[in-house]
*Asks:* 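After the structure tokens below, expect a handful of questions from me.
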Protein chains: 2
Amino acid sequence: MTAPRPNPAPTRARRTTIYDLAVLVGASPTAVSAVLNGTWKKRRISASLAERITRTAEEQGYALNLQASGLRREKSRLIGMIVPKYDNRYFGSIVERFEAMARSRDLFPIITCTMRDPALEIQAAREMISHQVDCLIATGATDPDRITAICEGAGVRSLNLDLPGSLAPSVISDNFGGALALTRRILAASASQRHRGEPIPFIGGRASDHNTSERIRGFRAAHDEAGIAVDEAMILATGYAPERAITALADLAARRGALPRAIFVNSTIALEGVLHWTRSTGHFGAMAPHVGCFDWDPLAAILTENIVMVQQDVPAMLEALFGLIDAGTPPPGVSEIPTHFAAPPFPPVAEGP
Amino acid sequence: MTAPRPNPAPTRARRTTIYDLAVLVGASPTAVSAVLNGTWKKRRISASLAERITRTAEEQGYALNLQASGLRREKSRLIGMIVPKYDNRYFGSIVERFEAMARSRDLFPIITCTMRDPALEIQAAREMISHQVDCLIATGATDPDRITAICEGAGVRSLNLDLPGSLAPSVISDNFGGALALTRRILAASASQRHRGEPIPFIGGRASDHNTSERIRGFRAAHDEAGIAVDEAMILATGYAPERAITALADLAARRGALPRAIFVNSTIALEGVLHWTRSTGHFGAMAPHVGCFDWDPLAAILTENIVMVQQDVPAMLEALFGLIDAGTPPPGVSEIPTHFAAPPFPPVAEGP
DNA sequence: ACCTCATGCTACATCGGTTGAGCAGGAGGG
DNA sequence: CCCTCCTGCTCAACCGATGTAGCATGAGGT
């Protein structure tokens, strides 16, 4: 029998370090480090040694320990983002694009989804700070200023996206302008089917959140232009659950005796509820209301009659966001990015003769 | 005038460390560390000192440096996941649930989306290893075994989700069973409208990927049961772009002179193309084909006539996944999780009398 | 008075890179 | 022949937290 080893564990081969490589090539750890992180030219390492080191590192499958590297450099090359949900195309495309742009700047993106839970937003922000992110983006946060304050205390830069804060720079959509244009469009489209001076309802979102209140402002402005008074009862900002949109719409239809001929819907999630209700109560085909949706989803665009969707300009928003990031420490302030009507998702099908 | 300071930078207040706290409370850094990470009870620190340290840490807004902590402990409490896309509800819900479950285990989830790009998958895996993740989940990866091999070289555990590999444990859906049940259902629903022995087309996905080939197997098995031969020309695994589904469907309809009465659609992305084409060519209402979709989206469910959607059981899949993670180092092997038909997204609307 | 032991804390090495300072040796100039 | 400079490398400190070993102090026993 062999003598018991001091460490009888399965010796799960420790990760290769620069020290291992240094021994292998017969050089100092310093040289290895310098070669592998690209600073070797200004450290006067010969090309031949560099070549040997690079080759050995590759052979050994060496992977830099970014934890150690970040600790020493006192920055992590990590960029954090918190996002409310992954259940819609808007946040999905924000995240996809954010990752691509971060990566192209040699930053590693860390994204966490907070389920619209304010406590989780704070917790996630703290965790990211502990992981030493160099910068934190709060997307659609319920209390962006709180997050900015926490970041400030830790010396971490922060920026807001989608919902603005007052303490950090913010990039958001032109919610007022988009809602104004959208409301104009569906008012015009439904004009012949509405009574003179009859307003349309606004469904979804929370009146307390900046975006919804700006959209309501744009919605009202379009009505004003058209000389239509908007009764408070037409503003149904019942939150982000589709079920709430259903009951709100049912109540409204019951109160008025009929479904309005046009509806402003504030998100694709509310749209789920709205379309479920209109469909299942027989409002399709000629009966389908004109729907203006402040948000975009390709399936909704394909499958709904009389729908106009406003798409937020995610590429431009992220361009602006990274513009601010690259600019160092810009002052607080809100950049509003114009929205546009969604183009048809596919070119029309060419029919044979 | 004041003398120039050696460091005239804006002195962006350095982060508080345990050393700062040690000075403030008049104790050693060791004591501070022990108190803050909870090991202080077995280290015989008095409750009063612990209380003072905790209070001071809070006052100073101290945030642990997990980079340093991870370096020393030689593990990071980081768990990585790579995901192909954020453009559908399936991966969205996987990510949301993964994050919640990781967090409940006191792991910090790092998720990165690879845009179905094999090179990016490898790059992302390497980056995560450099960040010292304790475990890496490859979701829907094109070459899971390559990722497993890279992880193995670095001593990092890895698991596959959604698409199986042979070198690491995998959790996937029962694609065969789901496709079999789905095909049975739409064959039955469309029986009276199809010619005797007429097969239906299969659209979307890549025949080279495991899930698609299993679904094709289930699709064929259901046809076999019904005594229907499946012509190779009915298998249109044209990839993940909706445009490809459109042209495939148009070609098929042109070849046959009419649109089939039922269609098996392999993803919501392909569904976009299919529904765009059927809608814009007038196939709705009574003309709408029966659609069986192996994937789920609430808007599609609400808006499409004659659709049956198979939903993958994300909660069960992640339960199984974390079961494997918690189990230590399980052997390679594939766990297949049953799928189910999607329930209606909302209860039917109650109509007044 | 002396030994033992528990209590409450501190000292120090360490994790894996990074960085400023510095050393050896040869070339070149005066 | 000496001094300077350049090239090509190494040394040692350090980033912040953690775990092991160990040092005072006082209580209790004999």
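Bear in mind the structure is a predicted one, so any value in this text is a computation, not a measurement. A note on names: the letters A, B, ... follow the listed sequences, proteins ahead of strands, and every chain is numbered from 1.
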*Asks:* Please state how far atom NZ in K41(B) lies from atom P in dC9(C), giving the value in whole angstrom units.
*Replies:* 15 Å
*Asks:* Please collect all salt bridge (Lys or Arg N to Asp or Glu O under 4.0 Å) contacts where either partner lies in residues 90-102 of chain A, sequence neighbours excluded, each pair once.
*Replies:*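 As it turns out, the salt bridge (Lys or Arg N to Asp or Glu O under 4.0 Å) pairs with a partner in residues 90-102 of chain A, which skip direct neighbours, are E96(A)-K85(B), E99(A)-R103(A).
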*Asks:* May I have the distance from Q132(A) (atom CD) to dA17(D) (atom C1'), rounded to whole angstrom?
*Replies:* 11 Å
*Asks:* For dG16(C), does either OP1 or OP2 sit under 4.0 Å from a side-chain N or O belonging to T17(A)?
*Replies:* no
*Asks:* Quick one: side-chain hydrogen bond (donor to acceptor under 3.5 Å, both in side chains) partners of R105(B), sequence neighbours excluded?
*Replies:* D326(B)
*Asks:* Provide the full list of ring-ring contact (aromatic ring centres under 6.0 Å, His included) pairs with a residue in residues 116-151 of chain B, sequence neighbours left out, each pair given once.
*Replies:* F108(A)-H131(B)
*Asks:* My understanding is that only residues two or more places apart in sequence, or in another chain, count here; which of them pass side-chain hydrogen bond (donor to acceptor under 3.5 Å, both in side chains) with T142(A)?
*Replies:* E121(A)
*Asks:* Which is it for Y86(A) and Y86(B) under the ring pair (Phe, Tyr, Trp, His ring centres under 6.0 Å) test, yes or no, and what are the steps along the way?
*Replies:* CA-CA 7 Å; Y86(A) 287 121; Y86(B) 287 122; 4.8 Å; yes
*Asks:* Calculate the interatomic distance between Q67(A) atom CD and dG17(C) atom P; express it in whole Å.
*Replies:*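 Computing the Q67(A):CD to dG17(C):P distance gives 11 Å.
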*Asks:* Base, sugar-phosphate alone, or nothing: which one does L49(B) contact when heavy atoms must sit under 4.0 Å apart?
*Replies:* sugar-phosphate
*Asks:* Using the side chain to side chain contact (heavy atoms under 4.5 Å, CB included) criterion, which residues pair with K75(B)? Sequence neighbours excluded.
*Replies:* R73(B), R77(B), D134(B)
*Asks:* Five pairs at each end of the helix from dA1(C)-dT30(D) to dG30(C)-dC1(D): take the axis at both ends and give me the angle between them to 10°.
*Replies:*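 Angle reported: 60°, given to the nearest ten degrees.
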*Asks:* So which pairs with a foot in residues 57-72 of chain A pass salt bridge (Lys or Arg N to Asp or Glu O under 4.0 Å), sequence neighbours left out?
*Replies:* R55(A)-E59(A)
*Asks:* Quick one, give me the B/S/- string for nucleotides 18-23 of chain C, reading 5' to 3', where B means a protein heavy atom under 4.0 Å from the base and S means that only happens at the primed atoms, P, OP1 or OP2.
*Replies:* BBBB--
*Asks:* Between F322(A) and F98(A), does the ring centroid distance fall short of 6.0 Å?
*Replies:* yes
*Asks:* May I have the list of side-chain donor-acceptor pairs in residues 23-38 of chain A shorter than 3.5 Å, sequence neighbours left out?
*Replies:*
unit_1, atom_1, unit_2, atom_2, d
S28(A), OG, A31(A), N, 3.2
N37(A), OD1, T39(A), N, 3.1
N37(A), OD1, T39(A), OG1, 2.7
N37(A), ND2, S33(A), O, 3.3

*Asks:* Measuring from the side chain of N65(A) (C-beta onward, heavy atoms only), which nucleotide among dG17(C), dA17(D), dT10(C) has the closest atom?
*Replies:* dG17(C)
*Asks:* Using whole Å, report how far OH of Y62(A) lies from P of dG17(C).
*Replies:*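 Rounded to whole Å, this separation is 3 Å.
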*Asks:* Distance check needed: dA17(D) C1' versus D20(B) CG, whole Å only.
*Replies:* 13 Å
*Asks:* Kindly write out the residues that satisfy side-chain hydrogen bond (donor to acceptor under 3.5 Å, both in side chains) with S130(B), not counting sequence neighbours, or none if the list is empty.
*Replies:* none
*Asks:* Between L71(B) and A47(B), name the one whose nearest nucleotide on DNA chain C is closer to the 5' end.
*Replies:* A47(B)
*Asks:* Name all residues meeting the side chain to side chain contact (heavy atoms under 4.5 Å, CB included) criterion together with S166(A); count only those two or more places apart in sequence or in a different chain, and write none if there are none.
*Replies:*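 For S166(A), the residues satisfying side chain to side chain contact (heavy atoms under 4.5 Å, CB included) (neighbours in sequence not counted) are D145(A).
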*Asks:* Distances under 3.5 Å only, N/O to N/O: pair up the protein atoms with those of nucleotides 25-27 of chain C.
*Replies:*
none

*Asks:* For I45(B) and dT10(C), give me the distance from atom CD1 to atom P, rounded to whole Å.
*Replies:*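 Value for this atom pair: 7 Å.
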*Asks:* For a side chain to side chain contact (heavy atoms under 4.5 Å, CB included) with L161(A), tell me which candidate from L318(A), V83(A), V314(A), I82(A) qualifies.
*Replies:* L318(A)
*Asks:* Calculate the interatomic distance between I53(A) atom CD1 and dG8(D) atom C1'; express it in whole Å.
*Replies:*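 Computing the I53(A):CD1 to dG8(D):C1' distance gives 12 Å.
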*Asks:* To the nearest Å, how far apart are K42(A) NZ and dC9(D) P?
*Replies:* 18 Å
